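We name chains A, B, ... by the order of the sequence lines, and we start the count at 1 in each one. From a predicted model like this one, the values you see are computed outputs, not experimental measurements.
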Protein chains: 2
Amino acid sequence: MAGVTPKTVSRALNDAPHVSKAVRQKVKEAAAELDYLPNLAAQSLIARRSYLIGLTYERPSPSYVVDLQNGALGRLEDGRYRLVVLPFAHVASRPDELGRLLLRAGLDGVLLAPPACDQPVLLDMLERHKLPFGRITPHSELDRGIVVTMDEAAAGHAVAAHLLSLGHRRIGIILGDPSHAASVGRMEGYRRAFGDAGATIDERLMVTGDFTYDVGYSAARELLGLAPRPTAILAQNDDMAAAAIAAARDLGLAVPGDLSVAGFDNSEVSRTAWPQITTINQPVRQMAWDAADRLIAALDGKSDVPGPKRRDHAHELLVRASTAPPPD
Amino acid sequence: MAGVTPKTVSRALNDAPHVSKAVRQKVKEAAAELDYLPNLAAQSLIARRSYLIGLTYERPSPSYVVDLQNGALGRLEDGRYRLVVLPFAHVASRPDELGRLLLRAGLDGVLLAPPACDQPVLLDMLERHKLPFGRITPHSELDRGIVVTMDEAAAGHAVAAHLLSLGHRRIGIILGDPSHAASVGRMEGYRRAFGDAGATIDERLMVTGDFTYDVGYSAARELLGLAPRPTAILAQNDDMAAAAIAAARDLGLAVPGDLSVAGFDNSEVSRTAWPQITTINQPVRQMAWDAADRLIAALDGKSDVPGPKRRDHAHELLVRASTAPPPD
DNA sequence: CGAGAATCGGTAAACGTTGACATAAAACTA
DNA sequence: TAGTTTTATGTCAACGTTTACCGATTCTCG
């Protein structure tokens, strides 16, 4: 590009003023010809931003992870920002390590899924280093950072109320990982629903799982071995609900004829299971989109007009084929 | 850090020589104290690398995506490189667009899952711009770039031979998306297996799907509506196999009593379905790990010692509860 | 036609780090 | 002790852009 300074090239490609149409055109053609692409590191250096957004999660369920990612990516799709995935196991036991990982990743901002979004130590670190963050369905300290929530207790209430309204009273409960605040919130909703129905929760019918299929299976076997057997099982996610269905079938029980099963999350497995599982749709995609949207707005300095830093999304009870009135 | 030049700080933190122990110690303490982190953009600028690895995929199946990611991340876990996810729909119809996306993302290297890994136009672009790439299970031009493969035809042979050896002869086939070369390779294996068993494929029992549950369901309904009904269904992935099981049940057929079903991929759904689905384990995680490993070796200039650029991984037939001899 | 404004192109400096090289100090060697 | 090597520290420039600023040219309008 003889006789043209880098400055002029920059101006031409960025559609900045002070360049004649002729030169701009010539530069653009030459750039295309030579496969020229501006160096992102140099741009980052001067702009003091990396145009990288991080996403950290722990939950193993593939469909949850993919929903999160797709939601965030949907908002990033113009290609200006890029999404870096940073899964991290056992946040609860070493939040500072995750903090260091995130801070060293050179991000402009980060999206935190549960349970990382509820780690005060982590939030402290991010705030101290002024790394903006969006929290997806946190359960505590809702005034810190950008927050996107769903009322887990209300959702838990809805699914429990559904079983109760069908007439079930002996209802087994398979809890998720107790270190996830979601587990607590959902349980709270279950309790309220039982109270509203004038029923009481039999603590002997509560088993702690960890959101995985395998542990869910053992938990279900345990519940189904009790006498009298529960007529329904409330699982705190769909993987465990699918496991409960498999356990019932392995014992020769029909679902929902002998046992109703309800899950939580509207994950892939709830649709591919047979019968399809009654569950709660958590709008994970939308929430991730929303969190990314507001995070980027903040990064781009448009946060003057944003409205509330917190936004709530509605759950949805999906009644499918795995629940029915109790036998007799 | 009075009286110490940036150069010295750089040397101290990078454990470079020419720094006294005392100064190094002091610098490190001060860095920790002040929460100092070197600017990655500046480092990238001078090193001429971004320490970003891209991962592009199209297949919608969540467990496949997560396996890919986790495999690659497993190799990247020291935190030196970061993983950027760049899903892209319909590569076949606009490979150049994906190419531009990848080239503009400022990556040091990129991992290509099917079907992107089989797009010559894309490979041309990447080679022209000297962006190193690792291809996960490509089916053509196996001499370009870093290649990690599995013998899809052999795997297809194995699963088809399993059904044939159980005595099935009327076998329905649900194909995946024909634009994925995997679909072709698997089909080739099915054909060989039929040939080896002295059986022939009834083309009327072949239906084209697209690897998704919903289309798989319709395809299965179509097959099961034929008379005489097939006694087994070979689905080209697990999502479609799960759909076939659901379709059978909705018609009142028992699996595997009335109908055997086999899938492909050993994805989550093959384990959470009931009965668990006979399938092929594609070592997606290991392949992604391997591709990342060799890509990074190439980036780090260790490619002098690498051995062959191509590596094959073995499939594994997992016989589970969804297959049995045909009725009567 | 001339004053002021808008437009065009260019130069210098900066972003934060590291490589190459120079100098100063300390540690050995004979 | 003088000479020589080793170690420590510092200076300069460079990576590839963009921002700030400056002069030169062209346009506008009284």
Side-chain angles (χ1 to χ4, degrees), chain A residues 1-52 79-82 100 103-109 129-131 299-301, chain B residues 1-52 79-82 100 103-109 129-131 299-301:
Chain A
M1 230 166 287
V4 178
T5 60
K7 173 70 257 195
T8 304
V9 174
S10 164
R11 280 202 276 239
L13 296 178
N14 294 326
D15 290 318
H18 302 303
V19 183
S20 63
K21 287 202 169 164
V23 172
R24 188 186 304 281
Q25 169 97 8
K26 212 180 73 181
V27 168
K28 285 195 172 179
E29 278 169 10
E33 175 74 24
L34 300 169
D35 291 324
Y36 169 82
L37 287 172
N39 182 311
L40 286 177
Q43 290 182 320
S44 290
L45 183 57
I46 192 157
R48 285 120 181 284
R49 26 171 86 193
S50 61
Y51 294 101
L52 292 175
R80 206 160 52 97
Y81 285 92
R82 295 160 288 170
R100 279 194 295 276
L103 292 170
R104 284 209 200 120
L107 307 169
D108 283 351
H129 287 263
K130 302 202 196 317
L131 178 60
L299 293 176
D300 289 349
Chain B
M1 232 169 286
V4 177
T5 59
K7 175 73 252 197
T8 304
V9 173
S10 163
R11 280 201 276 241
L13 295 178
N14 293 325
D15 290 317
H18 304 303
V19 183
S20 64
K21 288 201 171 166
V23 172
R24 189 187 303 282
Q25 169 95 10
K26 212 181 70 182
V27 168
K28 285 194 174 179
E29 277 168 12
E33 176 73 24
L34 301 169
D35 291 324
Y36 168 83
L37 287 172
N39 181 310
L40 286 176
Q43 291 183 321
S44 288
L45 181 57
I46 193 159
R48 285 121 183 284
R49 26 172 85 195
S50 60
Y51 294 101
L52 292 174
R80 208 160 50 96
Y81 285 91
R82 295 159 288 170
R100 279 195 295 276
L103 292 169
R104 284 209 200 119
L107 307 169
D108 283 350
H129 288 263
K130 301 202 197 314
L131 178 61
L299 294 176
D300 289 348

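What separates CG of A:L45 from C1' of C:dT17 is a distance of 8 Å, to the nearest Å. Taking atom CD1 on B:I46 and atom P on C:dA14, their separation rounds to 18 Å, with Å as the unit.
The OG atom of A:S44 sits 9.5 Å away from the CG atom of B:L40 when rounded to the nearest 0.5 Å. Within the model, atoms CG of A:L103 and CG of B:D35 stand 8.0 Å from one another, a figure rounded to the nearest 0.5 Å.
Remark: the backbone N or O of A:S50 is paired with a side-chain donor or acceptor of A:R82 at under 3.5 angstrom.
Of all heavy-atom pairs between B:Y51 and B:R80, the closest is CB-O, 3.4 Å. Closest approach of B:A41 and A:L45 over heavy atoms only: CB-N, 3.7 Å.
Of the residues in residues 37-44 of chain A, none has a non-hydrogen atom less than 4.0 angstrom from any atom of DNA chain C.
Within the 4.0 Å cut-off from OP1 or OP2 of C:dT17, at least one side-chain nitrogen or oxygen of B:Y36 is found.
Considering only side-chain atoms of B:R48, the nucleotide from D:dT17, D:dG16, C:dC15 that sits closest is D:dG16.
Direction change of the helix axis from one end of the helix from C:dC1-D:dG30 to C:dA30-D:dT1 to the other is 30°, with five pairs defining each end axis (rounded to 10°).
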